[in-house]
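Each remark here refers to the structure printed beneath this line.
Each chain gets a letter, A, B and so on, in the order the sequences are listed, and its residues count up from 1. Because the structure is a prediction, the values reported are computed rather than measured.
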Number of protein chains: 2
Amino acid sequence: MSTKLDESRGVAAERVALALQEEILSGNLAPGTRLGEVALAERYDVSRGPVRSALNQLAESGIVSIVPNSGARVRELGRDDARALYEVRAALEAEAARLAAGHADAATGDVLGQLLGQHADEVSAHPQGAYLQGPGDRDFHMVIARMSGNPIILRYLTRELYPQLSLLRVKHRNVTGRGKAALLEHRRIAEAIACGDSEVAALLMRRHIRASWDALEAQLAATPEEQQS
Amino acid sequence: MSTKLDESRGVAAERVALALQEEILSGNLAPGTRLGEVALAERYDVSRGPVRSALNQLAESGIVSIVPNSGARVRELGRDDARALYEVRAALEAEAARLAAGHADAATGDVLGQLLGQHADEVSAHPQGAYLQGPGDRDFHMVIARMSGNPIILRYLTRELYPQLSLLRVKHRNVTGRGKAALLEHRRIAEAIACGDSEVAALLMRRHIRASWDALEAQLAATPEEQQS
DNA sequence: TCATCCAATTTTGTTGACAATATACTGCCC
DNA sequence: GGGCAGTATATTGTCAACAAAATTGGATGA
């Protein structure tokens, strides 16, 4: 009951790409899995043309890796990839917060406050904070990205960074979200944005992402990646 | 005599994409030009398959725009696109400078100093400063992006932002570069990076990009875009 | 027993033809 | 004369077959 309105509609390539991404990010297709074109073609009941297009699309978004003349596999993200990802995320989301604060109007504070209210309810419902870094958390960052008014930032985040972050979470299950702490940080960020304080908003957002990375890195350090060449 | 080593080598799609990008960014194919698949196919003596792949690739990098079931055209960048571009560029390049300063070693100062020396020669050779924002300027930013150690930032800059910036310059010919001023700013940025001063490096780089945008915007304001719906 | 070479098979890259959709044109009606 | 419907054309989306490359397996030799 989410985006189920599309089914066998529109362009086949798009349909395959969406379905594949869904299956990859849900953990159904583990990182490293070979993605043969013929297999996918008959799996989605479509020719190899659209499959090729879809694979290229997903390769651009960074969740599959294609080796020319060899094939595509679900991408395996290492620690270095994760770090690079969070560095870029920090830069872009901080910029988004800065811009959002730059053209904040009277309604801005209200919509952010309402959103945070919902999140507060969810956090108190699941006190262990196992959910954050979930859709709720993502909503907040998404809203700010949209409020930035910069379509490129929005595209990078939705089309590349967030999918890759989801892919990261596939490997390292149940990442212990920092529910309460994150919510508190969100509050301060929202406040700065509503006040139109660009510099503080950017600074707090950067710090927020950094904290998220620190938490994740601690877990990554606990489970050293076993990658054979 | 730059990257001429590739000619009819490797994957056809890649070859077409490179050639097309070259022709678009050189101004040979003006923004808005229709890019019919059959025309391109026989132009590059290849089938429509690789052409399709190449067009999708260039659409991802933002220099062609594809409308499903209608076709591809050379993208037309408006003022809003340009602003968004520079905002993202500021965020990413500032982050690159910050990271580069973060892990600067003894050799860093030397390589940057040498690069700046070359640029100084070029500037004094062309005092009107008509060249900067040319390959020389780009080299500096490129080197820093590489020094950041972050492959995602490097990819975004080389694969998307810089091509789009080049596309911008196609429309607005002879953008008056800020040769001397830019070189001075580069010097200070390099110094901060060599010293390992992340915060200052990021700040200066952001300011530098901002100044570049201000200069460009002044020119854009002088020539209002005539765009009919 | 292990390494190396070679052939068989699988898989990707490319091609040309077919189907579906959008665009352009012509004639018609108001 | 202007707007609109219907048709004709051209272009994109998709398909199935062909060619080239890589991977796999086994046989041969040291």
Quick test: give all pairs of protein nitrogen or oxygen and nucleotides 6-11 of chain D nitrogen or oxygen below 3.5 Å, distance rounded to 0.1 Å.
from, atom 1, to, atom 2, distance (Å)
D:dT11, O3', B:R34, NH2, 3.4

Inset, instruction - Please collect all ring-ring contact (aromatic ring centres under 6.0 Å, His included) contacts where either partner lies in residues 144-171 of chain A, sequence neighbours excluded, each pair once. - result: A:Y156-B:Y156
Find every protein N or O atom lying less than 3.5 Å from an N or O atom of nucleotides 15-21 of chain D, and list the pairs.
from, atom 1, to, atom 2, distance (Å)
D:dC15, OP2, A:S47, N, 2.7

Legend entry - Lys/Arg-Asp/Glu bridge criterion (N-O < 4.0 Å) met for A:R89, A:E160: no
Legend entry - Within residues 48-61 of chain B or reaching into it, pairs that qualify as salt bridge (charged side-chain N to carboxylate O under 4.0 Å, His left out) - sequence neighbours excluded: A:R155-B:E60, A:R159-B:E60, B:E37-B:R48, B:E37-B:R52
Inset, instruction - Find the distance B:E14:CD to C:dT12:P and express it as a whole number of Å. - result: 17 Å
Inset, instruction - Could you tell me which residues satisfy side-chain hydrogen bond (donor to acceptor under 3.5 Å, both in side chains) with A:N56, sequence neighbours excluded, listed by chain and number? - result: none
Legend entry - Residues in contact with DNA chain D, drawn from residues 52-66 of chain A - heavy-atom cutoff 4.0 Å: none
Under-3.5 Å N/O pairs linking protein and nucleotides 5-8 of chain C:
none

Inset, instruction - Using side-chain hydrogen bond (donor to acceptor under 3.5 Å, both in side chains) as the criterion, list what pairs up with A:S61, not counting sequence neighbours. - result: none
Legend entry - Qualifying salt bridge (charged side-chain N to carboxylate O under 4.0 Å, His left out) pairs, either residue in residues 17-26 of chain B, two or more places apart: B:E23-B:R43
Inset, instruction - State whether B:R206 and A:E95 are salt-bridged, where the test is any N-O pair (Lys NZ or Arg NE/NH1/NH2 against Asp/Glu carboxylate O) under 4.0 Å. - result: yes
Legend entry - Residues forming a salt bridge (charged side-chain N to carboxylate O under 4.0 Å, His left out) with A:R146, sequence neighbours excluded: none
Inset, instruction - Return the orientation label for the A:H141 and A:H186 ring planes: parallel under 30°, perpendicular over 60°, tilted otherwise. - result: perpendicular
Inset, instruction - Apply the side-chain contact (heavy atoms from CB on, under 4.5 Å) test between A:L167 and each candidate in A:I24, A:V64, A:D81; give the one that qualifies. - result: A:I24
Inset, instruction - Give every residue pair that meets the side-chain hydrogen bond (donor to acceptor under 3.5 Å, both in side chains) criterion with at least one member in residues 63-74 of chain B, sequence neighbours excluded. - result: none
Inset, instruction - Would you please name every residue forming a side-chain hydrogen bond (donor to acceptor under 3.5 Å, both in side chains) with B:R83, sequence neighbours left out? - result: B:D80
